[in-house]
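What you see below is based on every heavy atom in this structure, not just the backbone, and it leaves out hydrogens, waters and symmetry mates. Everything numeric in this text was worked out from a predicted model, so none of it was measured.
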Amino acid sequence: MPEITRRQLLRSSATAAAGLAAVPLLASCGSPTASGPSKNLIGKPLLAVDEIPVGGGHILANDHVVVTQPTKGTFHVFSSTCTHQGCTVSQVQGGTIDCPCHGSKYSIINGAVKAGPAPRPLPEYKSQVKAGYVELT
């Protein structure tokens, strides 16, 4: 077996250490996390219906959801996590839910991708209106 020099050993060790250090960074940016609403939100009011603009919506970042009202009296609850790289969406305007990281836009009607690079629609959660509030079911 050929002998390894000290220089070769150090170079190999440094390369291996750099590769291991990069793993958490790549994992955090390569694919979105499946962060959805907490189970303890089910059955609890998210927003009053009069707080949600018709043709728009409201982002509840701490709860990881976006509540939209595309037409009067029609409500949807979507994940607020972009399906591209897991950023939190930042605004609802002009009929879309917008991600600030790479420009993805989603429909407020069904979460469908309106502009990329998002590969998939936003997941929608079951919801209902009860006593004037939108809640998860």
Side-chain angles (χ1 to χ4, degrees):
M1 186 158 105
E3 283 192 31
I4 243 177
T5 67
R6 182 170 186 247
R7 183 177 303 237
Q8 289 170 324
L9 178 63
L10 289 173
R11 187 176 295 144
S12 295
S13 297
T15 301
L20 287 174
V23 168
L25 294 173
L26 292 173
S28 69
C29 117
S31 64
T33 58
S35 64
S38 169
K39 296 282 187 215
N40 61 0
L41 286 178
I42 294 174
K44 294 185 180 175
L46 293 173
L47 284 170
V49 295
D50 60 2
E51 293 180 276
I52 307 158
V54 175
H58 191 74
I59 299 167
L60 301 171
N62 290 339
D63 296 326
H64 307 287
V65 297
V66 179
V67 183
T68 67
Q69 184 177 194
T71 58
K72 187 163 178 59
T74 303
F75 300 92
H76 299 280
V77 180
F78 300 102
S79 169
S80 64
T81 304
C82 180
T83 61
H84 177 231
Q85 289 192 343
C87 294
T88 300
V89 297
S90 64
Q91 66 183 9
V92 181
Q93 71 173 14
T96 61
I97 302 164
D98 305 337
C99 179
C101 293
H102 302 101
S104 291
K105 294 179 182 285
Y106 302 90
S107 168
I108 64 170
I109 298 168
N110 57 14
V113 177
K114 296 297 224 173
R120 294 176 305 284
L122 289 175
E124 184 171 2
Y125 304 113
K126 291 182 181 181
S127 62
Q128 68 181 6
V129 175
K130 187 174 180 183
Y133 288 86
V134 176
E135 65 179 40
L136 294 176
T137 58

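L136 and Y133 are assigned to two separate hydrophobic clusters, defined by single-linkage of ILVMFWY side chains at heavy-atom distances under 4.5 Å. Connection of V65 to V134 is established within a shared hydrophobic cluster, with ILVMFWY side chains joined at heavy-atom distances below 4.5 Å, either directly or through further cluster members. Hydrophobic clustering of Ile, Leu, Val, Met, Phe, Trp and Tyr side chains at less than 4.5 Å, counting indirect connections, keeps L60 apart from L122. V77 and I109 end up in different hydrophobic clusters when Ile, Leu, Val, Met, Phe, Trp and Tyr side chains are linked at under 4.5 Å. L41 and V89 fall into different hydrophobic clusters, defined by Ile, Leu, Val, Met, Phe, Trp and Tyr side-chain heavy atoms under 4.5 Å apart, directly or through other members.
Among residues two or more places apart in sequence or in another chain, the side chain to side chain donor-acceptor pair (under 3.5 Å) test is passed with T137 by none. In this structure K114 satisfies the salt bridge (charged side-chain N to carboxylate O under 4.0 Å, His left out) test with no other residue, sequence neighbours excluded. Scored by the side chain to side chain donor-acceptor pair (under 3.5 Å) test, T88 finds no partners at all (sequence neighbours excluded). Shown here are the ring pair (Phe, Tyr, Trp, His ring centres under 6.0 Å) partners of F78, two or more places apart in sequence or in another chain: H76. For P100, the side chain to side chain contact (heavy atoms under 4.5 Å, CB included) criterion is met by S90, not counting sequence neighbours.
Counting only residues at least two apart or in different chains, salt bridge (charged side-chain N to carboxylate O under 4.0 Å, His left out) contacts with residues 73-91 are absent. Screening residues 98-131 for disulfide (SG to SG under 2.5 Å), with sequence neighbours left out, gives C87-C101. Within the structure, disulfide (SG to SG under 2.5 Å) contacts touching residues 47-78 (residues at least two apart or in different chains) do not occur. Pairs engaging residues 102-137 under the disulfide (SG to SG under 2.5 Å) rule: none recorded [sequence neighbours left out]. Applying the salt bridge (charged side-chain N to carboxylate O under 4.0 Å, His left out) rule to pairs touching residues 82-109 yields D98-K105, sequence neighbours excluded. Note on residues 67-87: no pairs pass salt bridge (charged side-chain N to carboxylate O under 4.0 Å, His left out), not counting sequence neighbours.
Of all the heavy atoms in A118 and H84, the pair that sits closest is CA-CB, 3.9 Å.
Distance alone, capped at 3.5 Å, is enough to place a donor-acceptor pair between the Y106 side chain and the T83 backbone. For the pair S79 (side chain) and T81 (backbone), a donor-acceptor distance under 3.5 Å is present.
Atom CG of N40 has more than 12 neighbouring heavy atoms from other residues, nucleotides or ligands inside a 6.0 Å radius.
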Could you list the donor-acceptor pairs under 3.5 angstrom formed between side-chain atoms of residues 42-59 and any protein atom two or more places apart in sequence or on another chain?
unit_1: E51; atom_1: OE1; unit_2: A48; atom_2: N; d: 2.8

